[in-house]
There are 4 protein chains.
Amino acid sequence: MKAGIIGASGYTGAELLRILDGHPEVETAYVTAHTYAGKMVVDLYPHLHRYAETLFSTFDAREAIASAGIHFVALPHGESMQVVPQLLEGGAKVIDLSADYRLSHAGEYKQWYDLEHTSPHLLEDAVYGLPEMNGERIVDARLVAVPGCYPTAALLALAPPAKAGLVGIEGVVVDAKSGISGAGRSLSLAAHFAQADESVKPYNVGAHRHTPEMEEVLSSLAGEKTQVVFTPHLVPMSRGILATCYMRVGTEVDDAEIERIYGEYYAGCPFVILLGSGVFPETKAVSGSNYCHIGWNLDSQRRMLTVAAAIDNLVKGASGQAVQCMNLMQGWSEDAGLEAMGIFP
Amino acid sequence: MKAGIIGASGYTGAELLRILDGHPEVETAYVTAHTYAGKMVVDLYPHLHRYAETLFSTFDAREAIASAGIHFVALPHGESMQVVPQLLEGGAKVIDLSADYRLSHAGEYKQWYDLEHTSPHLLEDAVYGLPEMNGERIVDARLVAVPGCYPTAALLALAPPAKAGLVGIEGVVVDAKSGISGAGRSLSLAAHFAQADESVKPYNVGAHRHTPEMEEVLSSLAGEKTQVVFTPHLVPMSRGILATCYMRVGTEVDDAEIERIYGEYYAGCPFVILLGSGVFPETKAVSGSNYCHIGWNLDSQRRMLTVAAAIDNLVKGASGQAVQCMNLMQGWSEDAGLEAMGIFP
Amino acid sequence: MKAGIIGASGYTGAELLRILDGHPEVETAYVTAHTYAGKMVVDLYPHLHRYAETLFSTFDAREAIASAGIHFVALPHGESMQVVPQLLEGGAKVIDLSADYRLSHAGEYKQWYDLEHTSPHLLEDAVYGLPEMNGERIVDARLVAVPGCYPTAALLALAPPAKAGLVGIEGVVVDAKSGISGAGRSLSLAAHFAQADESVKPYNVGAHRHTPEMEEVLSSLAGEKTQVVFTPHLVPMSRGILATCYMRVGTEVDDAEIERIYGEYYAGCPFVILLGSGVFPETKAVSGSNYCHIGWNLDSQRRMLTVAAAIDNLVKGASGQAVQCMNLMQGWSEDAGLEAMGIFP
Amino acid sequence: MKAGIIGASGYTGAELLRILDGHPEVETAYVTAHTYAGKMVVDLYPHLHRYAETLFSTFDAREAIASAGIHFVALPHGESMQVVPQLLEGGAKVIDLSADYRLSHAGEYKQWYDLEHTSPHLLEDAVYGLPEMNGERIVDARLVAVPGCYPTAALLALAPPAKAGLVGIEGVVVDAKSGISGAGRSLSLAAHFAQADESVKPYNVGAHRHTPEMEEVLSSLAGEKTQVVFTPHLVPMSRGILATCYMRVGTEVDDAEIERIYGEYYAGCPFVILLGSGVFPETKAVSGSNYCHIGWNLDSQRRMLTVAAAIDNLVKGASGQAVQCMNLMQGWSEDAGLEAMGIFP
């Protein structure tokens, strides 16, 4: 099976190359990168020495379709929807890592991304690529929209109680801490070493674009409109997201029920490791891996359920999850190429 | 004026030495350290070269009282209450950085610290050393209990809305991120570089000893029992605490009121810098300083007020605040010796 | 094939478990850890979730020999030589990660480690486990002494010019920078986060125990006594060693010759990536991998050859190299289980 | 006394503002920044809250001369020489932090900076601003060229043995490790957090522009042409430079002589702390301060003297040293405004 990567010069593209190199069923057919077309992959990423002969090329839809059966699109939002329709028309399967096909409604896309959606008809076809929730739909999808890194962590923490009806009208607070690679390879003052090092800071408070994504999914799971108050923070590390989530719960909920809810929801899910009550995850334990660690605490006196989920933002939060979706779409083992455990310490 | 430091070998002790070195009114009379008695200060702390002639000594109450008029106690909880009564009986003023005199009730101390309080009669005399809230009482105190680092950050964020009655029966969520120096100089796996680096993790969820301190103060400000759900996290940096606080507010609250509430509460407070609505603090901007930066966001749709406060845990969260209290007790300028702005980047 | 790990609770033990989990030919038969006997592996290392059922046991030579054909010894120096002879007597193959069998002479061991060697007769049998240099001898070895992390980096940088006779009587300067995981999992002030973070410092200058190991190997390659001035430094990162090496060279040496010397020496070596003249390695590009990146600069005017090599201290500098040796000893592909490229960024 | 800062938006400009705020004799008259003219200082640097009313302005030589008696120029090289002559013609004193007036010969400037010097006649007047070496000349200077950060650390380590004739014809190896703030506030991939974090890498090997500066000064001290092989490295921390320097010495040199040489050279120098033989500096101990810590080791067997010096690159390596020069030029106490000890941990 041949796969192509469009927009391969960013961190999620590089991470796809790294993961696909170890995948038993896939070969990389082409890698494109607008700015770096003609450059060597190893000039940007010396760790990818097995791509020593690979050059970034310019995207051409016809060539792409001719050379690969599945396409990973790792372009920024707004650019992705310029190429996805062409690929689909050619009969290819597409896994899009951008935000362009994550939301169900073009209006909401417009509101949050300030762009007119140019292929709104595809929003209905696109399957939200969170395999732990949408596994069956992903199997049959021709277009998968891989979730954002923050929603992946938050939804893995929150899906079980949301589905169980524990998330009430008040909704949830998601306080997330992300490593700086989440800002991508593009230069910015926020990701400048001397500014970010030895500092923690919230950003885009009350206005982060991952909020509608979380609210849409949680509302759908809960069967009622669910509000998410989301505060992302930058912390001085390269990789990792920890999402600490707070839900007010009723007095009737107890530890045993929480454990049952999580256990049932994630039965058969190879990448979710439940640490259980009172044991909390650390991002380092999942670094470089596609695993998600989840732990929780029920404070009965204050009627608060606190759940924390840790992922590697570039793997389970992006490229690893994309490969996991591909595995499902192709009928391969869900963890093909993704078996590596975290690198620690 | 002569000051002594008891338990000076830890990070708060070293930070007191650093700050007092630049204080215009104070001279350090003695420094004690049980384990390191007889050792040079500079053997442990080469940055403190102006103490090149100073040795750690063993604590002796009589000598201490004879040689200094004010005493900083930087001992662990449980040990502090062994020396504070002796100092007070000798007529000295005491500023205690431990937890021993922070709570009002010996029963609560017993519950959270698992120790019988040996001088419960002093709990009433002890003044909680948060100058922005208790300034007038600190002026006349003979025993000041300096707040914990987490409560300092959280209470500076929450005191104005609590006093204004905005914190309802549901209470608040305090999601705090701390640098590793908060764990002190004592060795532990949690503070071992290779474990803590490149990782974020929650700890003591639902059970951190700073919870009762926050609840007691906020309840007193609000005039009603106020619950705090507190989750501390370790982040990979040496210094700094960011407390992100969430309160459900009524529909009648608007931006202008929030601004007025903060502005009025902190009028005349030299160490609180209000960044205002939509501007959020970063810990690096207060590093090495006694300043606290506060910013907030009111999400009217979700009726949530999010407030973040950043401090240096070893300065405003400990030794700097202790010196600020001394300045008030002695009638000196509140910021004597504490004028330094943050070290950035 | 069954393998056992003795002293598995440290970082090199954990790294062996991680690597062996992905090895196609090996199954882990037992893991011992004196202090943690009876504890779960995942209690110490939550990232190793596929060992969720594995307990640390106490070492018993008979049981060890009965259950596995190859044994990795990851004990501290001095303890290793207590178990290695028993294992060898039982006919097992042993790969020792300690310093106990690295030096050729018991007298030198005594001098540098201040211990009487208890099995000096084995020093002759032991093969120094640097496959790029000793590959053929490793194939037939029954006892392999895996090099220290610093010597691995330095010798990979220096072996080609040493063998080519470029390292003169003056010897070399090795200025090495190591991540803090090199200090192991044992707690110490030097590895305490708040002390090590945001700092660089030399340590054991002129007295580090890896010096004789480097001098012995380089002297053997050069065919004359070669001096190494070695300065290790701690830098604030978890993993990685960069060894920057300086050699005074003759006026007749030019760029083409340097390139030829390195190219010939490392022909057929799967884990050495030569970046070439003027391109320098960064430790992050080899993080989590068994690869070594080498780059150099010849300053003709100052007659100085500067060579830098980067490795992951826990992989190529310890556990990965141990597995590489096992692969050779077993006649497997040299890179079995070690194909992963670095994790970047 | 009024001082102005030209090019104040970079890190050295911000650091000047921080230091001058605490200086007893100086008031900041104006701050210019081409790109940020019209912006608030606190928009870029929230830690500088006492400049809350200060705006960056556009440089105007007449206004500058009218409003201040001393001018700090913190512009990039090439831009500095556009403004310095105008200021000098106006009779002002100038302290230049760029490279434009550090080298004695316009030809060498051209060679290393690839620019024609536009005021070569000033190179003779300019005094190299290393007070520990050039104190008396700085007192009478009207133009001081503050040394680069690397040369400051290396020359403080090397000046005493160079002057004592211990640095032979072979010269010295300077292996320097710098925090990332040395790259300035300008965005670059090398200073991008995710690239620089958890990594060490050499750069500009054999070609760094600070090499001629070191060679010129050392040759002058030694009285003969002295070669410097200089390798700068980036290490993942914000501040600090550690220069580890290697010199081949004769057999007649012993510990006592080394100690005497350093002791005599730095007698009366308030900012150099000699740690002595076998005690090595760490950058963290001087963080935020103008101090330099120096330690050494003489390996008699290998005839190698290893000396390490640690400074804060933005203070003693730039802005603090600039203020130290000003103090000498004005006849003030050399450490006015610079008394702060390092911030540790």
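No hydrogens, no waters, no symmetry mates; every other heavy atom, side chains included, goes into these values. In what follows, chains carry the letters A, B, and so on, assigned in the order in which the sequence lines appear, proteins first and then strands, with residues in each chain numbered from 1.
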Rounded distance (nearest 0.5 Å) linking atom OH of B:Y45 with atom CD of C:Q195: 6.5 Å

Distance in Å, C:H192 NE2 paired with B:S188 OG, rounded so as to fall on 0.5 Å steps: 6.5 Å

Give, as side chain, backbone, both or neither, the part of C:S199 having an atom under 4.5 angstrom from any heavy atom of chain B.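 Neither; nothing under 4.5 Å.
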
Backbone of C:M237 reached by a side-chain donor or acceptor of B:D197 within 3.5 Å: no

When every non-hydrogen atom of B:F193 is compared with those of C:I180, the smallest separation belongs to CD2-CG1, 3.3 Å

B:R239 versus chain C, the contacting section by heavy-atom distance below 4.5 Å: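 No part of B:R239 comes within 4.5 Å of chain C.
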
